[in-house]
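Here's the structure, in structure tokens; my notes come after.
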Amino acid sequence: MGYDLVIFDNDGVLVDSEPLANSILAGYLTELGHPTSYEESLRDYMGAAVHRVHDLVRERTGQDLPADFDHTLHARTFAAFERELKPVPGVEGVLAALVESGTAYCLASSGSHERIRVGHRAAGLDEWFEEEWIFSSEDVGKGKPAPDLFLHAADQMGVAPGRCVVVEDSPLGVQAALAAGMDVLGYTAMVPADRLPGATGYFGDMNQLAGLLGLAEGAGSGYTGYSGGFSH
């Protein structure tokens, strides 16, 4: 497909964090008197910034969450990341293929910069991303599904939106990419394709992504560890 920039979502695409994070969020909301199942958390909050949790609870109940909600949620989530978080299977091979081909990449996440870095350290992905390749909803006024975050990432990386492809696994992320005028590949490991309408293509196994990106067949397949020293 010949894209100039690949923009990765983070949670669920680079790090296998969605099961952990949504289990913790559902449990905490339930503890606070807002009964929420794991499946409801995925439906309502997957791919969103934490302010969406506040907004939906207030809209549905007329109540505000506690002032320390974000702090407690993050502390519980980060502790789980440190214990259990792993990279999405196959994603390091994709990153190696991008490096081998000289294709620029970055990430644009609804999560905070702290959440991204904690997760990457725990999962062993921090070596793959320089600080200037990491973009958070903290950097823009509106998070997904608004296009602002993806447009900001493209601008900072010096690539026109039409030359970018986004890798997303959430409905909100796909909506944001489409609104930004970018192609988007929907990763369906957790969310079925029919909940990611409008995507340019779909894949359920991260090992398929290099082929969808038009990278050389077999690129990255022999990945044994990052040796550093590359740049975009």
Side-chain angles (χ1 to χ4, degrees), residues 6-30 36-54 56 69-95 105-129 131 133-139 143-145 149-150 153 166-174 176-177 184-192 195-196 203-207 209 226:
V6 179
I7 304 176
F8 290 94
D9 175 42
N10 186 54
D11 292 292
V13 170
L14 294 172
V15 293
D16 195 16
S17 54
E18 294 291 8
L20 286 173
N22 282 280
S23 293
I24 291 165
L25 175 57
Y28 187 27
L29 286 172
T30 300
T36 305
S37 69
Y38 170 72
E39 291 75 17
E40 289 168 338
S41 183
L42 288 176
R43 181 195 67 200
D44 293 340
Y45 305 120
M46 183 175 171
V50 71
H51 69 77
R52 179 176 171 86
V53 183
H54 290 266
L56 283 185
F69 177 84
D70 291 10
H71 174 77
T72 301
L73 177 66
H74 290 154
R76 294 182 182 186
T77 302
F78 294 169
F81 283 3
E82 294 286 2
R83 293 192 307 268
E84 304 177 52
L85 192 62
K86 299 184 183 303
V88 168
V91 78
E92 289 171 287
V94 176
L95 295 172
Y105 65 88
C106 65
L107 77 84
S109 172
S110 294
S112 66
H113 280 282
E114 183 184 14
R115 177 189 173 110
I116 294 165
R117 276 308 186 189
V118 168
H120 279 211
R121 284 196 300 270
L125 291 182
D126 50 333
E127 61 187 359
W128 291 100
F129 288 89
E131 285 292 341
W133 306 343
I134 296 175
F135 306 99
S136 161
S137 61
E138 292 179 324
D139 304 329
K144 305 169 188 178
L149 177 56
F150 289 135
V166 176
V167 184
E168 264 288 356
D169 70 333
S170 75
L172 296 176
V174 170
V184 54
L185 297 175
Y187 181 43
T188 60
M190 289 193 64
V191 176
R195 288 197 57 215
L196 305 174
F203 66 105
D205 183 333
M206 193 57 67
N207 293 306
L209 181 56
Y226 175 60

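- One finds the OG atom of Ser110 at 11.0 Å from the CD atom of Glu138 (value rounded to the nearest 0.5 Å).
- Residues Met206 and Val13 come closest through the heavy atom pair CE-O, 3.4 Å.
- At least one donor-acceptor pair under 3.5 Å links the side chain of Arg52 to the backbone N or O of Asp44.
- Using cut-offs of 30° and 60° for the angle between ring planes, the His74 and Phe78 rings count as parallel.
- Closest of all the heavy-atom pairs between Trp133 and Cys106 is O-CB, 3.1 Å.
- Counting only distance, with no hydrogens or angles, the side chain of Ser109 and the backbone of Ser136 share no donor-acceptor pair below 3.5 Å.
- With Thr188 contributing its side chain and Phe203 its backbone, the two residues share a donor-acceptor pair below 3.5 Å.
- Contact detail for Leu196 and Gly186: the closest heavy-atom pair is CD1-CA, 4.1 Å.
- The CG atom of Leu20 sits 8.5 Å away from atom OG1 of Thr77, with the distance rounded to the nearest 0.5 Å.
- Listed here is the closest heavy atom pair of Ala153 and Phe135: CB-CD1, 3.5 Å.
- Of the inter-residue distances, the one linking Leu85 atom CG with Arg121 atom CZ reads 11.5 Å to the nearest 0.5 angstrom.
- The line from CG of Leu209 to OH of Tyr187 is 9.5 Å long, rounded to the nearest 0.5 Å.
- At a threshold of 4.5 Å between non-hydrogen side-chain atoms, the residues Trp128 and His120 do not count as touching.
- Between the side chain of Glu18 and the backbone N or O of Leu42 there is no donor-acceptor pair closer than 3.5 Å.
- When every heavy atom of Pro87 is checked against every heavy atom of Glu92, the shortest pair comes out as CG-OE1, 3.9 Å.
- Residues Leu73 and Val53 fail the side-chain proximity criterion, which asks for heavy atoms closer than 4.5 Å.
- Taking the six-membered ring where tryptophan is involved, the planes of Phe69 and His54 are perpendicular, since the angle between them exceeds 60° and thus also 30°.
- The distance from the CG atom of Asp9 to the NZ atom of Lys144 is 3.5 Å, given to the nearest 0.5 Å.
- Under the 4.5 Å side-chain criterion, counting only non-hydrogen atoms from C-beta, Val167 is not in contact with Tyr105.
- Interatomic distance, Phe129 CZ to Arg117 CZ, rounded to the nearest 0.5 Å: 9.0 Å.
- Here the closest heavy-atom approach between residue Leu25 and residue Ser41 is recorded as CD2-OG, 3.5 Å.
- Checking Val88, Val166, Leu95 one by one against Phe8, the side-chain contact (heavy atoms from CB on, under 4.5 Å) holds for a single residue, Leu95.
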Discussion item. Let's go through Asp11 and Arg115 carefully: what are the C-alpha distance in whole Å and the side-chain angles of both, what is the deciding distance for side chain to side chain contact (heavy atoms under 4.5 Å, CB included) to 0.1 Å, and is it a yes or a no?
Written reply: CA-CA 10 Å; Asp11 292 292; Arg115 177 189 173 110; 3.3 Å; yes
